[in-house]
Amino acid sequence: MENTNIYEILKKRELIQQITFEDEFKNLVSNEKTHVYLGIDPTADSIHIGHFIPLMMMSYFQKCGHTPIILIGGGTAFIGDPSGKTDMRKMLSKEDISKNVDNIIKQVSKFVSFEGNNAAIIVNNGDWILDLNYMEFIRTYGVHFNVNRMLSAECFKQRMEKGLTFFEFNYMLMQSYDFLKLFENYSCKIEIGGDDQWSNMLSGVELIRKIHKDGSFCITCPLLLNAEGKKMGKTVNGAIWLDASKTSPYEFYQYWRNITDTEVRDVLKMLTFIPMEEVNRLSSLEGEKINDAKKIAAFEITKLIHGENAAIESKKISEDLFENQSDNNNMPKITIDSSSLLKDGLNILDILIKSNIVPSKSQGKTLILQGAISLDEEKITDPLYIVPISSFDKGFIVLRKGKKIFIKIELI
RNA sequence: GGGUAGGUGCCCGAGUGGCUAAAGGGGGCAGACUGUAAAUCUGUUAGCUUACGCUUACGAUGGUUCGAAUCCAUCUCUACCCA
């Protein structure tokens with residue numbers, strides 16, 4: 001990468017939503033290489049789309065010569081960030097958290113490198129938060145936090161209606177303390193995060209400036225919102241995960257392939273490394289042509305997370321299914337034990353359940369009556385339909401739900 | 001500690017003894033139309049059963065009743081007001 005000015009890169013890619021002391025920040029990054037930190041809560045065993053953009057940002061920072069610090073919130077996970085939540089998050093046990101941490105590190109390594117001069121560093125805030133002495137903490141740091149100000153922060157305002165416990169209220173102090181610790185231990189001067197973290201991050205910057213009279217900064221990236229203004233990455237089955245065992249590469253690819261037209265530009269610019277000129281060209285394609293841009297986006301993002309082979313394979317599956325109309329060996333498949341067969345075949349509803357296409361027979365029945373289920377490209381209209389054994393003569397059958405969900409079923 | 005209002009399906013929210021598997025909206029899924037898009041229109045959205053129907057469900061437990069989301073008691077949780 002020729003340009004190593006992180007500020008210019010982020011600006012160009014429109015990755016900066018809010019930033020503190022913009023001019024000072026510009027000076028800092030053009031004159032020195034510093035440490036940059038991103039906090040991730042180990043509240044799930046995989047990271048999700050919400051972490052994607054900050055991680056992209058981190059990747060740019062590293063490429064520009066800065067050193068990433070990934071802070072795992074092993075300590076703060078006990079609290080749970082109240083931002084944007086209407087209910088208190090479930091607290092996790094120590095065992096769960098440490099299990100999650102391992103997975104998260106693996107996924108983070110797709111974005112940042114742990115080798116080289118500015119190898120990324122992993123830290124766990126449990127190391128300094130869990131043995132804090134309460135009195136000492138509130139006397140030394142608590143005095144710097146003004147409750148009136150905290151209450152005016154957007155993230156707490158929302159919670160004021162539903163109720164906010166003191167326990168959660170402390171999240172901001174903890175996060176600020178993290179930044180302070182990293183500032184002291186690593187001279188880390190920059191914190192990055194999603195825009196929903198702005199007030200928490202800001203309070204860290206203020207704390208450092210109060211105690212050390214020295215410059216620290218935070219930058220937030222835009223949240224990835226879908227056309228309805230909601231956070232992207234949610235599906236019926238829950239979130240889209242970066243872990244292949246939770247969201248298969250094919251599903252992952254499909255998610256990005258199916259974004260709406262208006263989301264294309266955001267996705268390309270924020271989630272891929274495609275040069276901005278190309279991003280602009282692709283996202284200005286009109287009508288049907290924009291599908292090409294979606295394919296590229298889906299491919300690039302899948303490649304980034306799951307590797308080139310998985311991306312190629314996912315692309316191939318999807319082309320075969322949707323464009324060539326041919327069966328494919330790569331189609332998601334399941335096998336059914338032949339011992340579960342009836343004498344004359346297998347009930348269609350049972351197959352639907354076994355293949356996890358529907359969660360219950362009632363729903364399967366509804367779908368069949370609505371004409372949503374087809375078998376080997378023939379619509380099934382009778383919920384009592386028995387799939388004859390002869391259907392399996394060619395070795396498998398292809399079941400389809402709606403337009404987009406295909407599954408190949410083999411008999412063993 | 002005292003008072004008040006509440007806890008209903010994935011979410012919001014109506015319902016205040018039988019017509020209630022529970023209005024309405026959102027979301028989801030599906031059908032039509034399309035570009036694997038959006039918008040729109042339509043259907044559907046607890047489980048089991050071929051079906052009659054049965055089972056589970058309106059914070060928890062117990063009770064009143066032929067019959068309860070609905071009445072009573074106790075408990076629990078939440079918000080607000082007063083301290």
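Model, not experiment: these values are computed from the prediction. Residue numbers begin at 1 in each chain, while the letters A, B, ... track the order of the sequences.
With hydrogens and angles ignored, the 3.5 Å screen pairs no side-chain donor or acceptor of A/Arg209 with any backbone N or O of A/Gly215.
If you find the closest nucleotide of RNA chain B to A/Lys315 and to A/Leu384, the one lying nearer the 5' end belongs to A/Lys315.
Nucleotide B/rA51 holds its P atom 10 Å from the CG atom of A/Leu349, rounded to whole Å. Put simply, CG on A/Asn291 is 11 Å from C1' on B/rU34, counting in whole angstrom units. One interatomic measurement links the two molecules: CD of A/Glu263 to P of B/rA39, which rounds to 10 Å at whole-angstrom precision. Atom pair A/Ile405:CD1 and B/rG28:C1' shows a separation of 12 Å (rounding to whole Å applied). As rounded to whole Å, 19 Å separates atom P of B/rG43 from atom CD of A/Gln363. In this structure, A/Glu251 places its CD atom 15 Å from C1' of B/rU36, rounding to the nearest Å. In this structure, the CD1 atom of A/Ile348 is 17 Å from the C1' atom of B/rU50, given to the nearest Å. Taking atom OH on A/Tyr255 and atom P on B/rG28, their separation rounds to 11 Å, with Å as the unit.
At B/rA37, none of the side-chain N or O atoms of A/Lys294 fall inside 4.0 Å of OP1 or OP2 (strictly under the cut-off). Residue A/Thr262 has no polar side-chain atom (N or O) positioned under 4.0 Å from OP1 or OP2 of B/rA38.
Taking the six-membered ring where the residue is Trp, A/Phe137 and A/Tyr141 present tilted rings, their angle falling between 30° and 60°.
Looking at A/Lys365, its side chain has no donor and acceptor atom pair within 3.5 Å of the base of B/rU44. Judged by distance alone, with hydrogens and angles left aside, A/Ser318 brings a side-chain donor or acceptor within reach of the base of B/rU36, the pair sitting under 3.5 Å. Judged by distance alone, with hydrogens and angles left aside, A/Gln370 brings a side-chain donor or acceptor within reach of the base of B/rG43, the pair sitting under 3.5 Å.
Open room surrounds NZ on A/Lys289; 12 or fewer heavy atoms of other groups in view lie less than 6.0 Å from it.
Figure legend: A/Arg257 and A/Tyr250 shown without cation-pi pairing, the cationic atom not lying both under 6.0 angstrom from the six-membered ring centre and within 45 degrees of its axis.
Of the listed nucleotides (B/rC33, B/rU44, B/rC29), B/rC33 has the atom at the smallest distance from the side chain of A/Lys403.
A salt bridge between A/Glu251 and A/Lys404 is absent, with no side-chain N of the basic residue lying under 4.0 Å from a carboxylate O of the acidic one.
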